[in-house]
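What follows is a single structure, written as C-alpha cells, with notes after it.
The sequence lines fix the lettering, A, B, ..., with proteins before strands; numbering per chain opens at 1. Because the structure is a prediction, the values reported are computed rather than measured. Computed over heavy atoms, backbone and side chain alike; hydrogens, waters and symmetry mates excluded.
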Amino acid sequence: MYTRDYRDILGGLVLIALGGGAFLQATLEYPLGTLRHMGPGMFPSWLGAILAGLGLLILVPALFRPGAPFDRFELRPFLAVLGGGVAFALVVTRFGMVPAVVVITVFSVLADNKLGIVAMLVLSAVLSALIVAIFSYGLGVPLQLFRWNI
Amino acid sequence: MSIFSDLGTNLSIGLTTALTFNNLFYCFIGVTLGTFVGVLPGIGALAAISLLLPVTFHLDATAAIVMLAGVFYGASYGGSTASILLNLPGTPSSAVACLDGYPMAKQGRAGVALFMTAMASFIGGSIGIIIMMLFSPMIVDAAMHFGPAEYFAMMVLGLIAASTISSGPPLKGIAMVTLGILLGMVGLDLETGAPRFTFDLLELSDGVSLVAVAMGLFGVAEVISAVRTIQRGEVSSRKITFKSMTPTRDDVRRSVGPILRATGIGSFLGALPGTGGVIASFMSYAVEKKISREPERFGKGAIEGIVAPEAANNAADQTAFIPTFTLGIPGNVVMALMLGALMIHGIVPGPQLVTNNPELFWGLIMSFWIGNVMLLVLNIPMIGVWVRVLAIPYHLLYPAVLAFICIGVYSINNTAFDVMLVIFFGMIGYFMRMLDFQPAPLLLGFVLGPLMEENLRRTLLISRGDFMVFLERPISATIMVMTAALLVWALWNALREHRAAKEGRLRAAAQE
C-alpha cells in the first residue's frame, strides 16, 4: 500500500492535461461561434473544460487516501506486441503481406517465448496461408502477397 | 390491428432477406465464430467483433450486420461452456454460470448442464426476439415525433447510464465518455469544414477510424495484458455423450419457472441503456436464489442457477438491439460497434432505418431466429468440438489475433498509417488499463460524439440559442431529469463508498 493513491493521481493529472489542452486548442485556434450558430470550437471547448474538471475530481481525493500499488507492467509483451505492429507496418508496404505476417508472428511469439523456432515458423506459415485464404480468396481483397518496393 | 398485418409483410420481407445464400452463410460464420470466442476464455465477443470490423468493409451492409450480431449472441451460448467445464467464464455474462455449472460438472452432470444452458439460451433468445418484433415498430412510430433535442437528451442519458452503471468508479467512466466524445471531434468539422485536432496530419482529416480505436483498445491492449496472466484450467470431463446430456424430469420441472422469469428480467434490462447481459445474469441468479424454497442448493450444482442466468443474458442480447436499431442509441459498447459498422456503410441509425431499410432490419431479426437454431445445433450435437477448442493454448491464439488485426486494418485502405494508429491505441489502451480506466465508455462516446454535436447544434439553432428548450419539451425534459437522477445516484454512491473506506481505515488505525 502507498500512502497516496498514485494511480488516480496520475490518471487525474493526465485527464487535466488532455482536457486543458483540448480546451486551449479549441478556444484559441477554432472559431467559437454563438450558441445559436455553434462554431467548430464551441463543443470541444466545453468537453475540454468538463474533462479537466473530472480530472480534478479524480485527482484531489486521491491525494488524501492510501492506494494499492500499480499492477506489474508487462514490459516484454508490451514491447513485443507494439514492436510487432510497427514492424508489420514497415514491412507490409515494402515486401507485401506474407513477409509481414511472418514478421508479426515472430514478434508476438517473443512476447511469452513459449514456442520454439520450428513451432514459430510453422505457426507463421499456417497463419499466412489462412490469411491468404480468407482475405484474397474468401473476401476478394486485392492484397499483394509479395512485393519489392524499397 | 394494423400492427399485425404489417408484421406479416415485414416477416416475409425479413425472411426473403435472411434466407439468401449469402446471408445464411455469414449468419453461420458469425454464430460459429461467436461460439468459438465465447468458449475460449481470454477472447470475448467485443474483441471478436472489433477484429471483424475491417471484414465488413468488403461485405454488403446486411450480411455484415448479420455476421457481427451472430458473433455477439453466439458468444453468449459458448460462454457458459467454459464456465461449466473449466470454472472460467468464457464471457463476462457467463461468470455466474460458474457458480452452479462447475459443481454440476464435478458431480458428473456436465452433459446435463451443457444441454440445459443451451436450451435456456434458446428459449431466452427466442422470447427476446419476439419482444423485439412486437415493440420495435411501436418505438419507431413514437420516435418519428422526436426532434434533435430528444435525440441529444437520449444520447446523454445513454452515455451517463453506460458509464455509471457498468463496473468501475462512475467518475472515471464519465471521464472516459468525455474523452471519447473529444476523440470523435478529430477531423474536419461536418458543418464548417474546419479541421479539428488533426495535428496537421492529412490522414486524420476524415477523423480517427472506429476500426483503429476498437482494435487497439479491445484487441491489442487485451493481448498485451493477457499474454502472461491468462489462466488455463483443467477440462473436467472430456467426453460428453448424448446419454449424459439427457436431463431428468426433475431438472426440467425445476428449470421452467427460472427460465421464464429470467427471460423477463433479461429482456427488460437488455433494452435499457447501460445495463445488459452481465447485470441481467447476476440479477436473475440473485432473484432465483431469493425466491427458491431451498436456497442452500445454490452454489452446489442447482440447475436453476445455470439456466436462469443463461436465459437472462441471451434475452438481453436480443433486446439490446431494440434501442440501437429503432432509435440509433446504443445501450452498450457492442451495440456501438454495430452502429459504427452501419455508418461505415453509409446507413444512418435511427427510426428512418426501419422504414427506409426494412429488408435490413427485418432481415436481421429473421437471421436471429436462424442463428439461434444454428446455435442449438452447434451447442448440443457438436459440443464435443467445443470441448476440444477449450484445449487450444493461448500462446497459439494471440499471434493469430495480432496478425488478423494488422492485416484486417491494412486491408481497408492499404495504408501503413492505419496499422500505426491501431498500435497507438493499443498502447493507450494498455496505459488506461494500468490506471484502471475502462475502454468501453470511451468507445461509446467516440461513436456517439459526432451525432451529439450535430443534434445539439440543430437544437440550439431552432431554439435560437436557448438551453431551456431541453426542459420545455416534455420528452426531453423527462429524459434530462432521469439523467440528473442517475448522476446524483452515482455521486451519492461514490461518496458513500469513500466514507465507508475512510471509516474502515480509521477503525483499522484505532485497533493498531
Side-chain angles (χ1 to χ4, degrees), chain A residues 7-8 10-11 14-15 18-19 22 25-26 30-31 34-40 43-44 47-48 50-51 54-55 57-58 61 65-66 70-71 73-74 77-78 81-82 84-86 88-90 92-93 97 100-101 104-105 108-109 111-112 114-115 123-124 127 130-131 135 139-141 143, chain B residues 55 58-59 171-172 174-175 178-179 181-182 185 189 191-192 194 196-197 220 223-225 227-229 393 395-396 398-400 402-408 410-411 414-417 419-420 422-423 426-427 430 433-437 452-453 456-457 460-461 464-467 498 501-502 505:
Chain A
R7 204 188 305 224
D8 277 10
L10 190 58
V14 172
L15 291 180
L18 283 173
Q25 173 86 0
Y30 312 138
T34 59
L35 277 181
R36 193 172 166 184
H37 291 280
M38 285 168 64
F43 196 48
L47 293 171
I50 293 173
L51 189 62
L54 289 167
L57 286 178
I58 291 171
R65 66 161 181 247
F70 286 92
D71 294 335
F73 191 84
E74 301 280 352
F78 183 79
V81 170
L82 300 185
V86 173
F88 177 94
L90 295 176
V92 75
T93 48
M97 193 168 86
V101 171
I104 181 95
T105 316
S108 49
V109 164
D112 70 349
K114 276 186 188 153
L115 291 182
L123 182 65
S124 54
L127 285 181
L130 208 65
I131 280 169
F135 281 91
L139 295 165
V141 183
L143 286 174
Chain B
V55 173
H58 312 293
L59 302 176
L171 266 183
K172 285 181 155 183
I174 300 173
T178 316
L179 187 60
I181 303 174
L182 261 177
M185 301 290 109
D189 175 25
E191 209 143 304
T192 60
R196 295 189 287 188
F197 306 114
V220 177
V223 167
I224 296 175
S225 55
V227 166
R228 284 206 287 204
T229 51
H395 62 255
L396 288 182
Y398 78 84
L402 288 174
F404 206 80
I405 286 178
C406 290
I407 285 288
Y410 181 73
S411 80
N414 282 319
T415 57
F417 180 82
V419 183
M420 293 297 214
V422 173
I423 297 304
M427 189 178 76
Y430 188 64
R433 208 174 267 263
M434 293 297 290
L435 295 176
D436 249 348
F437 284 102
M452 279 179 85
E453 187 184 26
L456 182 63
R457 271 180 166 159
L460 290 179
L461 186 67
R464 301 165 191 219
D466 183 7
F467 267 105
H498 180 73
K502 202 168 189 177
R505 281 200 303 277

Counting heavy-atom pairs under 4.5 angstrom with chain A, the leader among B/H58, B/M434, B/M420 is B/M434
Engaged part of A/V92 at the chain B interface, taking heavy atoms whose separation is under 4.5 Å:
both
Which atoms of B/M185 approach chain A - backbone, side chain, both or neither, heavy atom under 4.5 Å:
side chain
Apply the test side-chain contact (heavy atoms from CB on, under 4.5 Å) to residues A/L15 and B/F437: give CA-CA distance (whole Å), side-chain angles for both, the deciding distance (0.1 Å), then the verdict.
CA-CA 11 Å; A/L15 291 180; B/F437 284 102; 3.9 Å; yes
What part of B/F197 gets closer than 4.5 Å to chain A, counting heavy atoms only: side chain, backbone, both or neither?
both
I want to check something: taking the side chain as every heavy atom from C-beta on, are B/L182 and A/P44 in contact at a cut-off of under 4.5 Å?
yes
Only pairs of heavy atoms separated by less than 4.5 Å count here; which of B/V223, B/N414, B/V220, B/V55 has the most with chain A?
B/V55
Regarding A/D112 and B/Y398, do their side chains bring together a donor and an acceptor under 3.5 Å, going by distance alone?
yes
Heavy-atom distances under 4.5 Å only: say whether A/L35 touches chain B with side chain, backbone, both or neither.
both
Region of B/T192 that comes under 4.5 Å of a non-hydrogen atom in chain A:
side chain
Full working for side-chain contact (heavy atoms from CB on, under 4.5 Å) between A/L130 and B/F404
CA-CA 10 Å; A/L130 208 65; B/F404 206 80; over 6 Å; no
Of all the heavy-atom pairs spanning B/G426 and A/L82, show the shortest one and how long it is.
C-CD2, 4.5 Å
In terms of ring plane angle, is the pair A/F78 and B/Y430 parallel, tilted or perpendicular, where the classes change at 30° and 60°?
tilted
Is B/A194 in contact with chain A via its backbone, its side chain, both, or neither, using a 4.5 Å heavy-atom distance?
side chain
Given B/I407, B/V419, B/T178, the one with more heavy-atom pairs under 4.5 angstrom with chain A than any other is B/I407
Taking the basic N atoms (NZ, or NE/NH1/NH2) and the acidic carboxylate oxygens, is any pair closer than 4.0 Å for B/R433 and A/E74?
no
Using non-hydrogen atoms only, which part of B/F417 is less than 4.5 Å away from chain A: side chain, backbone, both, or neither?
neither
Measure B/L59 against the heavy atoms of chain A and call it side chain, backbone, both or neither at under 4.5 Å.
side chain
